[in-house]
Amino acid sequence: MTQTPDIHAKAETLIEALPYFQRYAGRSFVVKYGGNAMGDERAAREFAEDVVLLKAVGINPVVVHGGGPQIGAMLEKLGVETRFVDGLRVTDKQTADVAEMVLSGAINKAIVGSIARAGGKAIGISGKDGGLVTATKLQRTHRDPDSNIEKVLDLGFVGEPSRVDTTIIETANGAGMIPVVAPIGVGEDGHTYNINADTMAGALAAALGAARLLLLTDVSGVLDKQGNLLTDLTPADIADLRADGTISGGMIPKLETCVQAVESGCEAAVVLDGRVPHAMLLEFFTARGAGTLVAKGR
Ligand SMILES: Nc1ncnc2c1ncn2[C@@H]1O[C@H](COP(=O)(O)OP(=O)(O)O)[C@@H](O)[C@H]1O
Ligand SMILES: CC(=O)N[C@@H](CCC(=O)OP(=O)(O)O)C(=O)O
């Protein structure tokens, strides 16, 4: 019996992916799914399919989601003003409550639902569950570009992970479930903290010693001032890009996260375009993915 070229091509694609399945089996991949990348229904379905496929080939995907635009829309509906400093939302008590409602409620469960529809089993949690993430109030300074004066910022209930206990993730992995994590933490003081989703994903990637931290967003990767894609960056390159103003807004916490993750136990981090169909699979199972790879050295 003769086989059509199409069938051969499919078999070859699978065989090409075999070394990657083997290399990454049993390893964690932390995937940060940003509010901007969530986009339309089709993108959400494809994202869920990719995550389920990873699980099926023996990788342990951990999804950390954002939802900045969705929190913004809810705050607007409620008539609450909101603002960002260096990519972080200034969070008073009311804003923290809305962020938790939108992130741990609507978005978390929608992602769990799409993974279920793609044939996987997901468990939706936040940093509060199982003591996953203990947060402390973020201490941060901001240098005014005009006056060059550095000020201490008070962002309210914006937290950063100070302790991560991965037991609940490992328990979920062991039970064949895909953890879906909302970026909310609780402090020793009992307060609820709003954590930037990139920061949350980076802390989990470091604690799990993940093979990859993938940050899915709405740009093709980190761009230079002319708009060209920067394919490989080291922590030193990132410090230069920040100093000369090439990166701004949400890209600042994103790249800070990549640096922190690769310096604390995660092998490499990638910023990639979550709007591209099956972006994650292309990144995992081809020799060179499409986005910006951040690693300790070249
Ligand atoms: N040098 C840069 N390269 C690419 N994007 C950048 C750069 N500097 C700032 N950005 C901005 O960062 C955004 C991504 O961060 P953010 O909006 O927080 O995404 P997400 O919600 O997916 O986490 C991009 O859409 C872009 O507007
Ligand atoms: C402190 C802080 O800024 N928290 C973020 C949490 C959500 C998030 O990070 O969502 P994206 O990844 O979609 O931007 C916020 O309130 O918007």
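Atom set for the values below is all heavy atoms of this structure, side chains included, hydrogens, waters and symmetry mates excluded. When a ligand or atom number is given, it counts from 1 through the structure's own listing order.
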Between Arg45 and Glu41, does any NZ, NE, NH1 or NH2 come within less than 4.0 Å of an OD or OE carboxylate oxygen?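 No, this pair does not count.
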I'd like to know if Glu267 and Arg27 make a salt bridge, using a cut-off of under 4.0 Å between side-chain N and carboxylate O.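 Answer for the salt bridge query: yes.
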Of all the non-hydrogen atoms in the protein, which one sits nearest to atom 24 (C) of ligand 1, and at what distance?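 Nearest protein contact, heavy atoms only, for atom 24 (C) of ligand 1 is Asp218 OD1, 3.7 Å.
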Note the single closest protein heavy atom to atom 16 (O) of ligand 2, along with its residue, its atom name and the distance in Å.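 Of the protein heavy atoms, Arg89 NE, 2.7 Å lies nearest.
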Hey, is [X] touching ligand 2 through its side chain, its backbone, both or neither, going by heavy atoms under 4.0 Å?
X: Ala99; answer: neither
X: Ile195; answer: backbone
X: His65; answer: neither

For [atom], the option (of [options]) bearing the nearest heavy atom:
atom: atom 20 (P) of ligand 1; options: Val222, Thr217, Leu229; result: Thr217
atom: atom 10 (O) of ligand 2; options: Gly67, Ala197, Pro183; result: Gly67
atom: atom 3 (N) of ligand 1; options: Leu223, Leu255, Asp224, Ile247; result: Leu223

Quiz question: by atom type and distance under 3.5 Å, do the side chains of Asn194 and Thr91 form a donor-acceptor pair?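 A pair is found: one side chain offers a donor N or O, the other an acceptor, under 3.5 Å apart.
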Does a side chain donor of either Glu100 or Ser104 reach within less than 3.5 Å of an acceptor in the other side chain?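 Absent: no donor and acceptor within the cut-off.
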Between ligand 2 and Met38, can you find any atom pair, the residue atom being a heavy atom, that is separated by under 4.0 Å?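 Per 4.0 Å heavy-atom rule, Met38 does not contact ligand 2.
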Whether Gly250 lies under 4.0 Å from ligand 2, heavy atom: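 So Gly250 does not count as touching ligand 2.
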For the pair Phe29 and Tyr24, name the ring-plane relationship: parallel under 30°, tilted 30 to 60°, perpendicular over 60°.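 Answer is perpendicular, since the angle exceeds 60°.
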Please say whether [X] places an N or O atom under 3.5 Å from an N or O atom belonging to ligand 2.
X: Ile71; result: no
X: Gly68; result: yes
X: Leu103; result: no
X: Asn194; result: yes

Could you check whether any heavy atom of Gly221 sits closer than 4.0 Å to an atom of ligand 1, since that is the contact criterion I want to use?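 In this structure, Gly221 qualifies as a contact of ligand 1 - some heavy atom is under 4.0 Å.
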